[in-house]
Engineer: 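Supplied in structure tokens, the structure appears directly below.
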Amino acid sequence: LVYNSLSRRLSFSNITALAPMVRVGTLPMRLLALDYGADVVYCEELIDIKMAQCQRVENEVLQTVDFVAPDDRVMFRTCERERDRVVFQMGGMGAALLSDPDKIEAILRKLVAGVSVPVTCKIRILPSLEETISLVQRIQKTGVTAVAVHGRFKEERPRHPVHCDYIQAVAQAVSIPIIANGGSLDLVKTNTDIEEFRKATGASSVMLARAAMWNPSVFSSQGLLPVETVMEEYLKYAIRYDNNAFNTKYCLCQMLRDKVESPLGKQVQAAQTNAEISEAYGLQEFYQQTQDQLQARRDALQSDSQPDRPVMDGDVTTMAVKFERREYPPQITPKMFLLEWSRKEKLEQPLYETVQRSQDRSFQSTVTVAEKKYRSTLWEKSKKFAEQAAAIVCLRVLGIPEGRIGEEDSGLVCKRKRQGRTNAAQFSLLCFWTFFFHLKPFSCVQTGICPVHIQSSTGSVFSDLKKRP
């Protein structure tokens with residue numbers, strides 16, 4: 001048995017609902033089901049004790065409300081779009097609780113008395129029809145608003161046929177709405193089948209699990225859409241709301257079904273990030289546009305709330321600073337300047353400690369120099385950028401040049417180091433052309449080309465290659 005709570009404005013009579021499904025009922029799937037016509041969406045089953053440990057966080061960047069666990073995992077994410085339509089589903093004992101009707105009744109009475117919103121529950125049928133009816137009648141007396149009945153016994157699996165007669169008998173024995181569940185494989189394949197399942201069970205409403213997992217457009221009265229179209233729409237929601245990549249991949253693989261070993265399926269399975277999944281579906285441009293929009297929103301929120309002056313946060317000096325790559329020459333970074341300054345002052349090498357925020361996977365770094373800590377209050381999109389931002393804070397607080405374009409040459413980073421990356425690139429190109437012309441491996445001495453010549457233009461390098469036999 002599971003129990004859940006939601007707004008009083010939500011009706012359970014004559015509705016179709018997305019059933020609670022582990023790993024499937026996250027925000028992108030719920031929103032997609034609503035788009036296609038579902039009246040109510042259940043989230044995946046969440047363990048009550050874990051939710052009690054979560055902190056409620058208003059995510060202004062994603063415009064969501066997140067419940068974040070102590071280990072920074074987002075356990076539940078919701079948004080305005082599903083307000084008054086989502087069922088927050090909790091559990092802990094699963095179908096094992098069916099063997100203890102007294103505990104079921106005690107839990108439900110406590111919930112109904114303790115919360116100001118309706119409480120519903122979902123059960124499987126018991127070994128006998130009499131036991132099932134008796135249990136639902138006891139549940140009704142607790143004051144719950146509705147009961148969802150999965151028409152299979154506890155030990156039965158999806159391959160077993162659903163027992164419509166049990167659901168029908170229960171619906172006739174109580175006055176509260178009964179939501180029929182379990183017809184996806186045998187009875188419900190299209191939207192028109194939903195009404196037939198409702199009639200076969202005599203239930204007030206219908207709840208769909210696997211049929212919706214395979215193609216949530218089953219809720220649409222316009223008929224099923226191609227699964228390729230549905231997957232793209234799902235992926236757009238996953239990108240928009242920064243869904244966990246492995247959860248995104250899992251849901252897409254369920255939709256692919258027997259095509260999971262196709263070229264597309266293999267590419268999805270191999271992907272490790274939403275960006276890589278987007279590439280598989282040709283949605284790279286949408287992904288990048290969304291990331292840019294989220295970053296712009298993040299920057300605006302941070303710039304509005306953060307002062308541009310040093311502020312102490314415990315033992316850490318902080319400033320609202322972002323690392324803008326375009327403000328520095330290609331081969332120069334603030335980290336390079338801070339390292340050279342530390343060497344010049346005979347200090348230990350700067351030490352960077354970086355953390356990642358789970359809500360939006362942004363990074364923040366703290367640098368320690370001469371036993372003092374510095375950090376930017378603004379979160380960055382990558383670990384490297386976060387470290388550069390921390391270095392900028394340190395350099396600005398200490399009044400040390402940071403290497404920005406137009407800055408007067410401080411002498412901290414010599415010309416040879418400024419050219420180092422260019423040299424390395426040209427040397428790599430030289431090695432490539434050596435291989436291309438089938439020349440055996442060589443050193444600078446073997447070719448007669450000195451390091452100074454390697455730093456020269458590629459044209460002169462090619463001319464030397466042509467001279468070789």
Side-chain angles (χ1 to χ4, degrees), residues 61 291-292 294-357 360-428 451-452 454-455:
V61 175
Q291 295 307 304
D292 292 344
L294 294 177
Q295 186 61 47
R297 192 178 299 158
R298 189 179 296 115
D299 292 346
L301 289 168
Q302 290 179 335
S303 61
D304 289 344
S305 60
Q306 302 290 348
D308 190 18
R309 65 178 188 277
V311 175
M312 293 304 298
D313 182 5
D315 63 342
V316 182
T317 303
T318 67
M319 286 181 67
V321 169
K322 287 192 72 66
F323 173 63
E324 300 288 350
R325 175 71 266 185
R326 64 180 180 275
E327 295 181 359
Y328 300 84
Q331 67 275 23
I332 296 297
T333 65
K335 281 184 66 177
M336 183 187 298
F337 267 68
L338 183 57
L339 176 61
E340 292 300 322
W341 179 83
S342 299
R343 288 173 174 170
K344 180 181 177 182
E345 299 296 319
K346 295 182 169 51
L347 300 173
E348 292 186 7
Q349 184 171 315
L351 177 64
Y352 296 86
E353 296 181 21
T354 305
V355 296
Q356 185 178 24
R357 185 168 60 185
D360 57 3
R361 297 191 178 89
S362 296
F363 294 84
Q364 189 177 62
S365 186
T366 301
V367 62
T368 302
V369 177
E371 300 183 353
K372 293 185 178 180
K373 298 179 180 180
Y374 305 87
R375 179 175 65 229
S376 173
T377 54
L378 307 185
W379 293 74
E380 294 280 3
K381 61 184 179 182
S382 71
K383 179 176 181 289
K384 290 182 179 179
F385 275 38
E387 291 178 350
Q388 297 292 356
I392 293 172
V393 172
C394 179
L395 291 166
R396 291 185 183 177
V397 170
L398 298 177
I400 303 168
E402 58 193 73
R404 297 172 71 177
I405 294 173
E407 222 177 50
E408 187 175 340
D409 187 7
S410 63
L412 276 177
V413 179
C414 64
K415 183 177 180 181
R416 179 172 56 83
K417 288 197 174 184
R418 289 175 181 265
Q419 295 175 339
R421 292 189 182 181
T422 304
N423 300 346
Q426 291 175 348
F427 185 77
S428 297
V452 175
I454 292 175
Q455 293 173 15

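We number each residue from 1, following the sequence as shown. What you see is a predicted model, and the numbers here were worked out from it, not measured in a lab.
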Engineer: How about I405 and P329: do any of their side-chain heavy atoms sit closer than 4.5 Å?
Structural biologist: yes
Engineer: Who pairs with R404 by side chain to side chain contact (heavy atoms under 4.5 Å, CB included), at least two apart in sequence or on another chain?
Structural biologist: E327, Y328, R396, E402, E407
Engineer: With sequence neighbours excluded, what pairs up with V397 under the side chain to side chain contact (heavy atoms under 4.5 Å, CB included) test?
Structural biologist: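 Listed in chain order: P310, T317, M319, Y374, V393.
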Engineer: Got a second to check how far W379's CH2 is from R361's CZ, nearest 0.5 Å?
Structural biologist: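 If we round to the nearest 0.5 Å, W379:CH2 and R361:CZ are 13.5 Å apart.
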Engineer: Are Q295 and V61 packed together at the side-chain level, in the sense that at least one heavy-atom pair is separated by less than 4.5 angstrom?
Structural biologist: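 Not touching, per the 4.5 Å side-chain cut-off.
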Engineer: For the NZ atom of K381 and the CZ atom of R298, what is their distance to the nearest 0.5 Å?
Structural biologist: 10.0 Å
Engineer: Residues in side chain to side chain contact (heavy atoms under 4.5 Å, CB included) with Q349, at least two apart?
Structural biologist: L339
Engineer: If the threshold is 4.0 Å, N to carboxylate O, is there a salt bridge linking E387 and K383?
Structural biologist: yes
Engineer: Please say whether more than 12 non-hydrogen atoms of neighbouring residues, nucleotides or ligands are located less than 6.0 Å from CD in E324.
Structural biologist: yes
Engineer: Using modelled atom types only, decide if a donor and an acceptor are shared between the side chain of Q364 and the backbone of A386 within a distance under 3.5 Å.
Structural biologist: no
Engineer: Give the minimum heavy-atom separation between P334 and Q388, together with the two atoms involved.
Structural biologist: CD-OE1, 3.2 Å
Engineer: Partners of T368 by side chain to side chain donor-acceptor pair (under 3.5 Å), sequence neighbours excluded?
Structural biologist: none
Engineer: Look up atom CG in D292 and atom CZ in R297, then write down how far apart they are to the nearest 0.5 Å.
Structural biologist: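 Here the rounded value is 12.0 Å.
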Engineer: Please test I392 against F323 for side-chain contact (heavy atoms from CB on, under 4.5 Å), starting from the C-alpha separation and ending with a verdict.
Structural biologist: CA-CA 8 Å; I392 293 172; F323 173 63; 3.9 Å; yes
Engineer: Quick check: closest heavy atoms across R375 and S365, and the distance to 0.1 Å?
Structural biologist: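 Heavy atoms of R375 and S365 come nearest at CG-O, 3.2 Å.
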Engineer: Going by side chain to side chain contact (heavy atoms under 4.5 Å, CB included), name the residues that satisfy it together with K384, two or more places apart in sequence or in a different chain.
Structural biologist: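 If we apply the side chain to side chain contact (heavy atoms under 4.5 Å, CB included) test to K384, skipping adjacent residues, the hits are S382.
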Engineer: Between V367 and P350, which heavy-atom pair has the shortest distance, and what is it?
Structural biologist: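 Taking every non-hydrogen atom into account, CG2-CB, 3.8 Å.
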Engineer: Quick check for you: to the nearest 0.5 Å, what is the distance between C394 atom SG and I400 atom CD1?
Structural biologist: 6.0 Å
Engineer: Okay, side chain of S376, backbone of V321: is any donor-acceptor separation there less than 3.5 Å?
Structural biologist: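 At least one qualifying donor-acceptor pair exists.
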Engineer: Mind checking side chain to side chain donor-acceptor pair (under 3.5 Å) for D315 and listing every partner two or more places apart, or none if nothing turns up?
Structural biologist: none
Engineer: Please indicate whether E345 has more than 12 foreign heavy atoms, meaning atoms of other residues, nucleotides or ligands, lying under 6.0 Å from its CD.
Structural biologist: yes
